[in-house]
Amino acid sequence: MKLAFIGIGNVGFAIANQLQQKGHQICIASNDENSETVQLALQKNSAFSIQSIQEAIATSDIVFLATPFQANETILKELQFKGKILVDCTNPVGPDISHGLNSEISGSEKVQEWAPDAKVVKAFTIYGFENLIDSSYSNYTVKPVMMIAGNDLQSKEVISKINTDMGFETLDTGKLDQALHLEHMTLLWVKMVRRDGHHPNFVWAYLEK
Ligand SMILES: NC(=O)c1ccc[n+]([C@@H]2O[C@H](COP(=O)([O-])OP(=O)(O)OC[C@H]3O[C@@H](n4cnc5c(N)ncnc54)[C@H](OP(=O)(O)O)[C@@H]3O)[C@@H](O)[C@H]2O)c1
């Protein structure tokens, strides 16, 4: 599939790089070829291409949003998605690792509001980027879980296949309003790892009887 990445920093590059190695075609969606992260990504993986953001969206199957949350409204309001899947990898983080929207609404629902013609799926946010660089845990018989949320079932099935390519088991947590709770899981992970010193390569698993 052709995958477009708006934002190719820690998170965008880690996901794009893994998926390129699994045979997907990666396009950096950027209006600034001279951006440091864009240049670094192109140096690190010469199979990536670059297009303007709107052009990349129009010619890709899936669009990943991996930008600072506070930039999202300005970025998204300019764009047309025409029903494309928009994977929201962003998290609204406030002071002292709090929820940046005071837990009143999820960042993903705001993303959906700013991109009303996109099918938004929340994914790839419950861990730090370290677990997106290499998601294989070969010493275990269970795979790490990737929890997703979104209103469109078909889009979630598509992202589920992307998760499989990344080495994750998918857990569909429900509609997009569940993203609020996924964002709190992020805060839990971030406080444990970035503040309290837990290992960044720990992951969650889903076990069911
Ligand atoms: N870091 C983590 O462990 C982690 C894990 C899960 C989710 N997240 C979430 O993922 C998102 C990205 O985090 P990150 O750590 O990957 O950040 P990052 O390394 O700083 O990368 C951000 C990317 O967004 C681009 N960008 C910034 N402002 C932009 C704008 N106005 N228009 C277009 N592109 C813009 C940057 O391009 P330039 O270089 O040109 O500025 C860069 O490519 C955040 O919302 C974060 O909360 C982070």
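Order of appearance sets the numbers: ligands from 1, and atoms from 1 within every ligand.
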| Is it true that I8 lies under 4.0 Å from ligand 1, counting heavy atoms only? | yes
| message | In this structure, does ligand 1 have an atom that sits under 4.0 Å from one of the heavy atoms of F13? | response | no
Backbone N or O of [Y] within a donor-acceptor pair of the [X] side chain at under 3.5 Å?
X    : Y    : value
Y137 : N201 : yes
T186 : T125 : yes
Q18  : L132 : yes
S60  : V63  : no
N131 : P200 : yes
E183 : G107 : yes
K119 : K156 : no

Where is the nearest protein heavy atom to [atom]: which residue, which atom, and how far?
atom                    : value
atom 12 (C) of ligand 1 : A66 O, 3.5 Å
atom 13 (O) of ligand 1 : V11 CG2, 4.0 Å
atom 1 (N) of ligand 1  : F129 CD2, 3.8 Å
atom 30 (C) of ligand 1 : I75 CD1, 3.6 Å
atom 26 (N) of ligand 1 : P68 CD, 3.9 Å

| said: Heavy atoms only, cut-off 4.0 Å: how does T37 contact ligand 1, side chain, backbone, both, or neither? | reply: both
| field | Region of S30 engaging ligand 1 - heavy atom pairs below 4.0 Å | value | neither
| said: Could you work out, with side-chain hydrogen bond (donor to acceptor under 3.5 Å, both in side chains) as the rule, every residue matching T164, not counting sequence neighbours? | reply: none
| request: With sequence neighbours excluded, tell me which residues meet side-chain hydrogen bond (donor to acceptor under 3.5 Å, both in side chains) with Q178. | output: none
State the atoms of ligand 1, each with its element, that fall below the 4.0 Å cut-off from a heavy-atom position in [X].
X   : value
S35 : 38 (P), 39 (O), 40 (O)
F69 : 45 (O)
C89 : 7 (C), 8 (N), 9 (C), 10 (O)

| task | Tell me, with the steps shown, if L86 and W114 meet side chain to side chain contact (heavy atoms under 4.5 Å, CB included). | result | CA-CA 12 Å; L86 177 62; W114 298 325; over 6 Å; no
Ligand 1 to [X] polar contact by distance, N or O atoms, under 3.5 Å:
X    : answer
A71  : no
N91  : yes
N10  : yes
R194 : yes
G7   : no

| Is any heavy atom of the protein nearer than 4.0 Å to atom 17 (O) of ligand 1? | no
| said: Tell me whether atom 21 (O) of ligand 1 lies less than 4.0 Å from at least one protein heavy-atom position. | reply: yes
| query | Hey, looking at atom 44 (C) of ligand 1, which of T67, D32, I6 has the closest heavy atom? | reply | T67
| Which of these, F64, Y127, F5, F124, has its nearest heavy atom closest to atom 5 (C) of ligand 1? | Y127
| field | Electrostatic pair K122:D88 at N-O distance under 4.0 angstrom | value | yes
| said: I want to know whether F13 and F48 have ring centres closer than 6.0 Å. | reply: yes
